[in-house]
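Structure record follows, encoded as C-alpha cells.
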Amino acid sequence: METNQPTKVTVETVIQAPVEKVWRYWTEPAHITKWNQASEDWHAPRAENDLRVGGKFSTRMEAKDGSMGFDFGGVYDVVNLHEAISYTIGDGRRVDITFVDQGDATKVVETFDAESTNPVEMQQAGWQAIMDNFKAYTEQN
C-alpha cells in the first residue's frame, strides 16, 4: 500500500553562538545572502524575508557562472522567536526548524519534506552543506 506521506529528512548542527545571534543570522536578508549556498560555485545574490505567520520569504540562488538559478521561497506557518520556524515551500512541501538554546551554543535542527526528483541522500547532503555554511558564517562573524 502506497502512502502520500513525504519522506522527512533532517539536518542539524551545533553553532558556537547564543541563540539570539543564530536567529538573527538565520532570518535577516543581509546575512542570508552570505551563507545560503550548498557549494562555492553557487551564491545567493538576493533575499527577502517577512518573518511572521503568513509572511513570505524568497532567496535567489544562482550558479556564480550564471548557468542556472532559481528562487527558493515560501510562506511562514509558525514563527516562535528564538525557538522555531515552520514554512511551506511553493511546491507544498513543509520545513520545520528548531533552535535549541544551549547557553553559549545553539543547536539548529531542520526537517524537510523530500522532493521526488532527486535521491534523498543527495537532498540531505545539499541541505547539510547549506547548514554547514551557516554554522561557519555565524561562528566567524
Side-chain angles (χ1 to χ4, degrees), residues 1-102 104-141:
M1 181 171 104
E2 264 189 63
T3 65
N4 289 331
Q5 293 295 341
T7 299
K8 300 266 186 201
V9 181
T10 299
V11 297
E12 63 183 68
T13 194
V14 175
I15 298 162
Q16 299 305 310
V19 70
E20 295 82 5
K21 177 182 180 182
V22 170
W23 180 272
R24 194 170 68 249
Y25 279 37
W26 188 274
T27 61
E28 292 179 1
H31 293 296
I32 294 168
T33 58
K34 305 287 194 246
W35 59 262
N36 201 354
Q37 66 274 338
S39 64
E40 285 298 315
D41 53 341
W42 279 71
H43 66 147
R46 184 175 66 253
E48 299 172 8
N49 195 18
D50 182 9
L51 187 63
R52 61 182 174 82
V53 173
K56 295 180 180 179
F57 71 92
S58 179
T59 302
R60 180 68 184 170
M61 303 175 97
E62 294 180 350
K64 288 181 179 176
D65 67 5
S67 62
M68 60 176 44
F70 61 94
D71 293 317
F72 180 82
V75 177
Y76 290 108
D77 303 307
V78 174
V79 178
N80 294 332
L81 183 66
H82 301 156
E83 293 177 2
I85 296 172
S86 294
Y87 58 85
T88 302
I89 306 171
D91 64 8
R93 294 183 294 134
R94 293 215 8 120
V95 179
D96 300 299
I97 307 142
T98 57
F99 300 82
V100 181
D101 185 348
Q102 298 180 335
D104 291 337
T106 305
K107 183 175 184 177
V108 181
V109 181
E110 186 173 30
T111 302
F112 64 95
D113 293 343
E115 44 91 355
S116 57
T117 306
N118 295 296
V120 169
E121 297 78 15
M122 182 177 164
Q123 294 174 65
Q124 184 171 25
W127 285 58
Q128 185 66 55
I130 292 170
M131 180 75 77
D132 294 345
N133 283 341
F134 175 71
K135 172 183 170 66
Y137 173 76
T138 304
E139 289 179 351
Q140 294 167 9
N141 291 280

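Remember, it's a predicted structure, so these values are computed and weren't measured experimentally. For the numbers below, each heavy atom of this structure counts, side chains included, while hydrogens, waters and symmetry mates do not.
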### Query
Is there a side-chain contact between D41 and D65 (heavy atoms, below 4.5 Å)?
no
### Query
Where do R24 and H31 come nearest, in terms of heavy atoms and distance?
O-CD2, 4.0 Å
### Message
For the backbone of A17 and the side chain of T106, can you confirm whether one donor and one acceptor N or O come within less than 3.5 Å of each other?
### Response
yes
### Query
Quick check: does any side chain N or O of N133 sit under 3.5 Å from a backbone N or O of Q37, one acting as donor and the other as acceptor?
yes
#### Entry: Candidate pair I85 and T27, rule side chain to side chain contact (heavy atoms under 4.5 Å, CB included), full reasoning
CA-CA 10 Å; I85 296 172; T27 61; 3.8 Å; yes
### Query
Do you know which two heavy atoms are closest between Y25 and W35, and how far apart they sit?
O-NE1, 3.0 Å
### D91, CG: over 12 other non-hydrogen atoms inside 6.0 angstrom
yes
### Message
Is the shortest side-chain heavy-atom distance between E121 and Q124 below 4.5 Å?
### Response
no
### Query
Side-chain donor-acceptor pair under 3.5 Å between N49 and Y76, yes or no?
yes
### Query
Could you go step by step and tell me if S86 and D77 meet the side-chain hydrogen bond (donor to acceptor under 3.5 Å, both in side chains) rule?
CA-CA 5 Å; S86 294; D77 303 307; over 6 Å; no
### Task
Verify, without hydrogens or angle tests, whether K56 (side chain) and D50 (backbone) share a donor-acceptor contact under 3.5 angstrom.
no
### Query
Closest approach of A114 and V120, non-hydrogen atoms and distance?
CB-CG2, 4.2 Å
#### Entry: Member of Q123, R94, K8 meeting the side-chain hydrogen bond (donor to acceptor under 3.5 Å, both in side chains) criterion with D113
K8
### Task
To the nearest 0.5 angstrom, please state how far the CD atom of E12 sits from the NZ atom of K107.
4.5 Å
### Query
Rounded to the nearest 0.5 Å, how far apart are CZ of R60 and NE2 of H43?
9.0 Å
### Task
Calculate, to the nearest 0.5 Å, the distance between atoms CG and NZ belonging to D104 and K21 respectively.
11.5 Å
### Query
How far does OG1 of T7 sit from CD of E115, to the nearest 0.5 angstrom?
10.5 Å
## Note on the structure
Note: A38 and G126 closest approach over all heavy atoms is CB-O, 3.8 Å
### Summary
Rounding to 0.5 Å, atoms OH (Y137) and CD1 (I15) come to a distance of 12.5 Å
### Message
Evaluate L51 against F57 for side chain to side chain contact (heavy atoms under 4.5 Å, CB included), listing each step before the verdict.
### Response
CA-CA 8 Å; L51 187 63; F57 71 92; over 6 Å; no
### Task
Measure from the ring center of W127 to the ring center of F112 and say whether it is less than 6.0 Å.
yes
### Task
To the nearest 0.5 angstrom, please state how far the CH2 atom of W26 sits from the CD1 atom of I97.
5.0 Å
### Message
Applying ring pair (Phe, Tyr, Trp, His ring centres under 6.0 Å) to W23 and F99, what does each step give before you reach the verdict?
### Response
CA-CA 8 Å; W23 180 272; F99 300 82; 5.0 Å; yes
#### Entry: I32 to A47 - nearest heavy-atom pair and separation
CG2-CB, 3.9 Å
### Query
Of all heavy-atom pairs between V78 and V53, which one has the smallest distance, and what is that distance?
CA-CG2, 4.1 Å
### Task
Over 60° means perpendicular and under 30° means parallel, so classify the ring planes of W42 and F70, tilted if in between.
tilted
